[in-house]
Protein chains: 2
Amino acid sequence: MTYDEGQVRAMAGTKDGTGNGNGSTKPVARRLLATATRLFAEQGYDRTSVQEIVDAAGVTKGALYHYFGSKEDLLHEVYGRVLRLQQERLDHFADADAPVEQRLRDAAADVVVTTIDNLDDTKIFFRSMHHLSPEKDKQVRAERRRYHERFRALIEEGQRSGVFAADIPADLVVDYHFGSVHHLGTWYREDGPLTPQQVADHLADLLLRALRP
Amino acid sequence: MTYDEGQVRAMAGTKDGTGNGNGSTKPVARRLLATATRLFAEQGYDRTSVQEIVDAAGVTKGALYHYFGSKEDLLHEVYGRVLRLQQERLDHFADADAPVEQRLRDAAADVVVTTIDNLDDTKIFFRSMHHLSPEKDKQVRAERRRYHERFRALIEEGQRSGVFAADIPADLVVDYHFGSVHHLGTWYREDGPLTPQQVADHLADLLLRALRP
DNA sequence: TCCCACATACCGACTGGTTAGTCTGCCTGT
DNA sequence: ACAGGCAGACTAACCAGTCGGTATGTGGGA
């Protein structure tokens with residue numbers, strides 16, 4: 001066994017996915033994770049074999065199981081990366097010193113840009129969530145809920161202060177917006193007519209317009 | 001071989017998924033498809049084995065492969081059912097004799113209700129699209145595009161006549177709304193606080209508000 | 001300085017289990 | 001007697017994870 005249970009659990013909270021906890025990702029581990037991310041996004045988690053990943057990364061199974069406890073750990077790492085990034089950015093924009101409609105617009109637009117910039121991760125995130133084991137699934141759901149609630153708080157703040165329409169549940173508005181974010185992986189193409197920033201501005205604009213009292 | 005290539009292709013256009021083309025679904029075939037739909041939605045396509053499906057339906061593999069050419073055919077049948085249903089309903093509302101904002105509102109709300117009423121099918125639809133073979137994938141994409149374009153035409157009509165804001169690409173608005181529809185499978189719960197109709201009214205309202213000039 | 005003990009990094013053959021799909025044949029109604 | 005409907009054992013392929021082994025590097029004692 002390369003990692004015992006305790007170490008695997010601990011890994012989930014570290015930054016680099018190697019479980020060494022010192023922030024310095026070993027090149028091989030980094031390459032394996034990057035390769036897995038690409039293949040998972042292209043073919044789906046279940047359709048990507050461990051053999052394919054190690055072949056594409058130019059190593060063997062020995063290397064993969066040296067750095068990761070299981071195939072699922074790779075998936076969990078992708079999730080952790082996305083969640084931490086998005087939460088950090090949301091907190092940044094939500095805590096800013098600006099009117100609530102500006103903070104919401106900035107946060108809403110930023111999540112779109114960030115999602116497009118990491119489209120592979122996001123495709124995996126939304127498609128393969130239900131492939132996680134109950135334990136890891138619970139953890140990911142908890143982090144997602146935290147994100148959702150922070151976003152909802154922004155909307156409720158605007159509703160209380162009268163700058164947003166209050167006759168609609170804030171929860172529903174959050175899901176409305178994140179539906180469109182979620183959906184980006186299905187339709188957005190890099191070679192399409194719109195830049196990520198343009199898409200973000202349009203989608204944030206739609207959200208703010210829908211919330212006009 | 002139960003079905004040769006030609007028959008499998010023909011099946012895609014029939015109504016009952018048994019390939020007999022006479023509209024009378026054999027009970028066993030119907031039960032297999034219903035069981036598969038439920039299991040695919042619960043566990044995902046790849047995680048559901050053919051053995052599980054036939055066990056849950058109370059038959060054996062012999063029966064399944066008597067009625068369906070492959071496991072993928074089951075998936076394709078689910079897709080066909082959903083696509084035909086949604087297209088039919090969209091055409092109905094879009095062709096109605098009413099102002100464009102009313103037609104759009106009705107169509108937008110109806111797709112939400114229909115989606116919630118067939119949540120299993122929709123979950124499968126959005127999660128497992130990329131599991132289809134290239135040939136069937138192409139066919140499904142073509143039908144989806146037809147749907148998308150009909151919906152977009154409604155928005156463009158309103159933009160031309162000045163009742164909708166014209167400073168946003170209609171394509172993007174369609175994806176915005178369908179993002180939220182797509183997302184329903186992730187968050188909507190039957191035992192939640194909102195009825196399908198309430199959700200539909202809210203989401204249609206958000207769309208129409210966002211389109212106010 | 002040399003050398004030994006030990007750890008880390010990785011290899012690749014192997015195992016036990018699972019899977020989609022096939023095939024032979026029985027059974028029943030016409 | 002013939003055909004459709006179905007059973008269930010079988011096969012060939014595949015897959016995640018294991019394990020014994022090798023190579024490389026590193027710290028400490030003589």
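Below, read A as the first sequence line, B as the second, and so on, with proteins coming before strands; counting in each chain starts at 1. Keep in mind the model is a prediction, meaning the values are calculated, not measured.
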Quiz item: Which word best sums up how the rings of B:His177 and A:Tyr176 line up, parallel for under 30°, tilted for 30 to 60°, or perpendicular for over 60°?
Solution: perpendicular
Exercise. May I ask you to decide if the ring planes of B:Phe125 and B:Tyr79 are parallel, tilted or perpendicular, using 30° and 60° as cut-offs?
Key: tilted
Exercise. Take the protein atom CZ of B:Phe68 and the nucleotide atom C1' of C:dT22, then report the distance between them rounded to whole Å.
Key: 18 Å
Quiz item: Which nucleotide in the list C:dC10, D:dC6, C:dA20 gets nearest to the side chain of A:Tyr67?
Solution: C:dC10
Quiz item: In whole Å, what is the span from the CG atom of B:Leu74 to the C1' atom of C:dG21?
Solution: 13 Å
Quiz item: When the distance from CD1 of A:Ile53 to P of D:dC15 is rounded to whole Å, what number comes out?
Solution: 11 Å
Quiz prompt | Gap between atoms CG and P, on A:Asp46 and C:dT19 respectively (whole Å) | solution = 11 Å
Practice problem: Using whole Å, report how far CD of B:Gln43 lies from C1' of C:dT19. | Solution: 14 Å
Quiz item: Whole-Å distance between D:dC15 P and A:Tyr65 OH?
Solution: 12 Å
Self-check item: Rounded interatomic separation in angstrom, taking NZ from B:Lys71 and C1' from C:dT22
Solution: 17 Å
Practice problem: Examine C:dC10: is either OP1 or OP2 under 4.0 Å from a nitrogen or oxygen in the side chain of A:His66? Give yes or no. | Solution: no
Self-check item: Contact nearer the 5' end of DNA chain D, comparing B:Val59 with A:Arg47
Solution: B:Val59
Quiz item: Of A:Gly62 and A:Glu52, whose nearest nucleotide on DNA chain D comes first from the 5' end?
Solution: A:Glu52
Quiz item: Side-chain donor-acceptor pair under 3.5 Å between B:Asp171 and B:His148, yes or no?
Solution: yes
Exercise. Compare every heavy atom of A:Tyr188 with every heavy atom of A:Thr195, then report the nearest pair and how far apart it is.
Key: C-OH, 3.8 Å
Quiz item: Should B:Leu90 and B:Phe151 count as side-chain neighbours, where that means a heavy-atom distance under 4.5 Å?
Solution: yes
Quiz item: Counting just side-chain N and O atoms, does B:Lys61 come under 4.0 Å of either OP1 or OP2 of D:dG8?
Solution: no
Practice problem: Kindly point out which of C:dC10, D:dC6, C:dG21 is positioned nearest to the side chain of A:Val28? | Solution: C:dC10
Quiz item: Nearest-Å distance, CG (B:Leu64) to P (D:dG8)?
Solution: 15 Å
Exercise. With heavy atoms under 4.0 Å as the rule, sort B:Thr60 into base, sugar-phosphate or nothing.
Key: base
